[in-house]
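Comments concern the structure below.
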Amino acid sequence: MHKLIRRLLGAVPVLLAISFLIFLLMHIAPGDPVTLMLGDNATPEDVARLRGELGLDKPILVQYWDFLSRAVRGDFGRSLKFGEPVLKLVGERLPATLELAFASLFVAITIAVPVGVYSAIRHNSLVDHAGMSVALIGVSLPNFWLGIMLIYFFGGQLNWLPVAGRIEYGIEIKSITGLYLIDSLLTGNFEALVSVAKHLLMPAFTLGAALAAIVTRISRSSVLEVMRQDYVTTARAKGLSERAVIWRHIVRNALITIVTILGLQLGALLSGSVVTETVFSFPGIGDLLIQSISARDYKLTQILILMFAVTYFVVNLLVDFLYSWIDPRIKF
Amino acid sequence: MAKVNLHRRAFLKHTGVAGFSALMGGSIVKLSYAASRDRLTALSSIGLDTLHPYAHSSSPQYGLWHNMIEPLVEVDYNKKNYYGILAESWEFKGKQWVIKLRKNVRFHDSSPLTAKDVVYSINRMKNDKESLQKENFRDFVEVVAADDHTVIITTEQPVVLMLDRLQNRFILSKTGMEAQSNQPELKPVGTGPYKFQSWQRDGNLVMVRNDSYWGPKPSIREIVVRRVKEDSGRVAGLLAGQGDVTNNVPVEELGRFDNHPRIRAEKVEGVRMYFLAMNVTHKPFDNKLVRQAINYAIDPTVIIKHIYEGNGYIMNGPMGSNVIGFDPKIKRYPLDLNKAKDLLTKAGFPNGLETKLYFSPDRYPKAKEVCQVIADQLAKVGIKAELVSQEFVIFWGKEAVNGGKLPFYYVGRPAADADTVYDQYFRSGVSPRIQYKNPEFDKLVDEEQKTVDPKKRLAILHQLGRILMDDVPFCPLYTLAEIYAVARNVNWKARPDEKLLYADMKIR
């Protein structure tokens with residue numbers, strides 16, 4: 001518990017430093033949100049007036065201090081583009097991104113771990129070569145291209161899946177967690193469940209494909225390495241069934257590496273969501289981040305990037321917990 | 001009862017296949033709807049940013065709002081004139097505009113439209129903290145309700161362009177909004193042919209028919225506007241039957257609708273005018289001969305033919321043919337490379353010159369390809385133009401176009417009335433975008449803005465166009481087609497101004 005509190009406290013200066021860095025970078029980057037907001041007819045006087053109203057004419061350090069002093073009171077300001085409190089916007093969008101990230105992770109794990117383990121066990125077999133070739137293709141495909149191709153075939157040509165959005169219009173869903181799959185299961189709403197799954201399938205596969213490819217290769221090499229250990233030979237020598245050797249001795253030991261990679265890649269999933277959400281018009285924070293950066297919506301961009309940083313931190317913390325669960329010899 | 005051997009693997013395989021089939025089967029049945037009198041689904045490249053109808057100032061958003069909340073007047077692009085929507089008639093009296101409202105118009109909350117609603121709405125647009133439409137009212141002294149159906153707007157100076165300013169200013173119900181503590185984001189109450197039903201940011205906007213609409217009753221009961229940002233996603237969704245109409249169709253996708261049984265393309269000349277702007281405070285664009293040489297060197301027909309696949313309309317003068325103030329008698333500079341070279345020599349550049357051409361690829365379609373062709377055409381007369389690409393938020397900012405920092409750039413500007421462009425781009429001291437100074441031009445703009453008689457005003461606008469074509473602080477290029485794709489069972493003609501007005505759509 002002490003260590004957990006120490007880790008949490010340690011995160012505070014890191015997040016402060018990140019927030020300052022983002023603030024500084026956003027403000028020194030060229031581009032003016034006000035001329036964009038006012039459109040074609042604005043005069044220089046209109047622009048100057050609005051800059052004053054929004055406090056954008058103050059020195060950067062004063063603006064940062066204003067931001068910090070409001071933030072500690074829970075007020076992160078209003079979005080320039082949407083005119084709403086940024087926390088409200090993030091709250092609307094975060095569950096969608098989390099759902100997409102977890103679905104992609106699920107896709108990646110369910111494909112990658114069995115294929116990786118099987119390829120290692122049947123080392124140099126046809127299945128191994130085929131699995132590794134597919135993994136290589138998976139890593140090499142840019143996810144925006146994969147997304148567009150999926151839209152073209154499964155949306156446009158076959159009409160199996162919807163090309164955009166999160167749930168079909170007309171289907172009501174009672175929000176409990178904000179994660180639609182979970183909510184539809186909790187409320188027993190099968191129609192919503194099918195609709196949400198249909199909307200999630202292509203984005204989750206797009207986002208999960210590269211991760212699946214990486215995890216397949218890591219699982220394979222990790223299992224191969226463990227298979228060469230003396231304790232595996234001992235386990236076989238003492239007469240354990242092959243299944244017990246694989247699952248209890250090989251896979252469990254190989255999991256440490258796989259979990260580390262998954263933890264690190266979950267962060268990459270969140271950044272990958274920026275592109276995937278844009279391609280599929282999936283209403284998550286990745287899509288919102290693109291819109292906020294294009295509009296130089298300082299406050300919204302600030303909070304969104306901070307959200308990404310916090311998520312990285314939390315995932316790393318969880319991975320550390322998982323280590324000691326997988327291997328009790330590791331102390332957190 | 002016979003014993004069934006159920007193996008685990010077989011069970012998993014069969015349930016997996018059954019589940020997937022259910023998912024897919026459901027999709028095919030559910031998604032194959034078509035436009036009907038009950039519902040039309042639009043796959044739109046943009047959605048509402050906010051439910052506050054005044055907290056933005058962008059043309060596509062005006063288009064969405066116009067279905068629910070109406071303005072006093074609108075532009076008739078064919079007749080190049082204004083017609084009344086909520087206004088029945090108007091009179092320009094120097095510093096006053098007297099506007100008579102249409103009678104028997106009711107808001108969605110059943111309250112009648114009165115002059116008080118107009119006063120309330122204009123004051124909201126002018127004073128609301130969130131409003132981004134304030135600049136339209138900067139010279140307003142007061143707006144008063146003379147009686148239930150008469151509004152008098154008093155301005156500091158005569159404003160002949162009042163109708164242009166009022167065309168996208170939407171009127172809310174005073175009582176309707178006061179009942180919601182003046183928060184339009186709860187439920188905007190207008191008079192439009194469609195009523196607001198629901199909205200999720202970057203999700204669906206749903207509108208239902210206003211059965212008590214004062215004008216012709218809309219044919220379709222419910223409109224669902226789904227935001228699909230990705231071009232290929234919109235086209236794929238439409239072809240698959242997941243939507244009935246879409247906007248901003250890329251020209252390279254047009255061929256897919258040629259023989260499509262369900263979808264057709266719909267095109268109209270747009271109001272955004274593309275041109276090369278030359279800021280005359282920067283060398284060598286301070287030299288009229290250089291500017292004229294550039295006009296002789298550029299041939300937009302090549303760009304229209306090869307980049308936009310014929311979906312463009314050449315501009316022969318400073319204005320597109322849809323715009324009030326368009327002069328059909330003005331002709332653009334012909335392509336004449338020898339003349340261009342001669343002018344450059346006379347201007348002191350016998351060996352040509354070097355410059356930078358700025359553009360924004362994220363704002364204007366195919367801007368990069370266009371500027372590459374322009375650079376190639378300029379190179380033929382000895383002008384070496386280095387291309388500089390900028391993100392729009394930078395391009396449009398105070399360190400670039402709106403700070404007068406860019407000498408030479410590719411830009412598109414929509415307009416309903418020539419005055420808005422002449423005033424903003426070419427009149428001295430208004431904006432730093434071109435910094436053209438010509439006392440004769442300024443004087444004529446002043447005169448035009450005080451001229452009540454439309455014919456006399458048009459003559460002055462034509463005169464202004466001729467002055468500009470002689471001085472050419474710009475090089476006119478083209479307007480582009482607004483391209484939509486729409487279900488064949490929908491009778492509809494697109495408007496030039498990017499507005500999708502669903503009440504205009506009729507189901508066959």
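Proteins get letters first, then strands, A, B, ... in listed order; numbering begins at 1 in each. Model, not experiment: these values are computed from the prediction.
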In sequence, state the C-alpha distance, the side-chain angles, and the governing distance for B:Ser198 and B:Asn204, and then conclude on side-chain contact (heavy atoms from CB on, under 4.5 Å). CA-CA 8 Å; B:Ser198 67; B:Asn204 294 326; 6.0 Å; no
Quick one, B:Arg256 with B:Val235, criterion side-chain contact (heavy atoms from CB on, under 4.5 Å). Give me CA distance, side-chain angles, the key distance, then yes/no. CA-CA 9 Å; B:Arg256 297 175 71 182; B:Val235 173; 3.8 Å; yes
Do B:Glu253 and B:Thr246 pass the side-chain contact (heavy atoms from CB on, under 4.5 Å) test, and can you show the C-alpha distance, the side-chain angles, and the key distance before you say yes or no? CA-CA 12 Å; B:Glu253 301 275 10; B:Thr246 190; over 6 Å; no
Kindly determine whether B:Arg169 and B:Asp164 satisfy salt bridge (charged side-chain N to carboxylate O under 4.0 Å, His left out), including the steps that lead there. CA-CA 10 Å; B:Arg169 310 285 83 82; B:Asp164 186 74; over 6 Å; no
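Atom CE of A:Met307 is separated from atom CG of A:Leu87 by 9.5 Å, given to the nearest 0.5 angstrom. To the nearest 0.5 Å, atoms OG (B:Ser44) and CG (B:Asn247) are separated by 4.5 Å.
Contact annotation for residues 89-98 of chain A against chain B (heavy-atom separation below 4.5 Å, listed by residue number): A:Leu89, A:Glu92, A:Arg93. Within residues 292-301 of chain A, the residues having any heavy atom less than 4.5 Å from a heavy atom of chain B are, in residue-number order, A:Ile293, A:Ser294, A:Ala295, A:Arg296.
Note: A:Phe205 and A:Phe154 fail the aromatic proximity criterion, with ring centroids not under 6.0 Å apart. The aromatic ring centroids of A:Phe280 and A:His199 lie 6.0 Å or more from each other.
Taking the ring centre of B:Phe395 as origin, the terminal cationic atom of B:Arg363 falls outside the region bounded by 6.0 Å and 45° from the ring axis.
The candidate from B:Arg234, B:His56, B:Lys134 with the greatest count of non-hydrogen atom pairs under 4.5 Å with chain A is B:Lys134. Options A:Gly83, A:Pro33, A:Ser281 differ in how many heavy-atom pairs under 4.5 Å they form with chain B, and the most are formed by A:Ser281. Counting heavy-atom pairs under 4.5 Å between each of B:Arg201, B:Glu130, B:Lys398 and chain A puts B:Arg201 at the top. Counting heavy-atom pairs under 4.5 Å between each of B:Val421, B:Val393, B:Asp423 and chain A puts B:Val393 at the top.
Contact of B:Glu399 with chain A is not made at all, since no heavy-atom distance falls under 4.5 Å. Proximity to chain A (any heavy atom under 4.5 Å) is shown, for B:Val228, by both the backbone and the side chain. Neither the backbone nor the side chain of B:Val401 comes within contact range of chain A; no heavy atoms are under 4.5 Å apart. Contact of A:Leu54 with chain B is not made at all, since no heavy-atom distance falls under 4.5 Å. Only the side chain of B:Glu222 comes within less than 4.5 Å of a heavy atom of chain A; its backbone N, CA, C and O stay farther away.
In this structure B:Phe257 satisfies the ring pair (Phe, Tyr, Trp, His ring centres under 6.0 Å) test with no other residue, sequence neighbours excluded. Remark: A:Ser273 pairs with no residue by the side-chain hydrogen bond (donor to acceptor under 3.5 Å, both in side chains) rule, at least two apart or across chains.
B:Phe140 CZ: more than 12 foreign heavy atoms inside a 6.0 Å radius.
No donor-acceptor pair under 3.5 Å is formed between the side chain of B:Arg413 and the backbone N or O of B:Met273.
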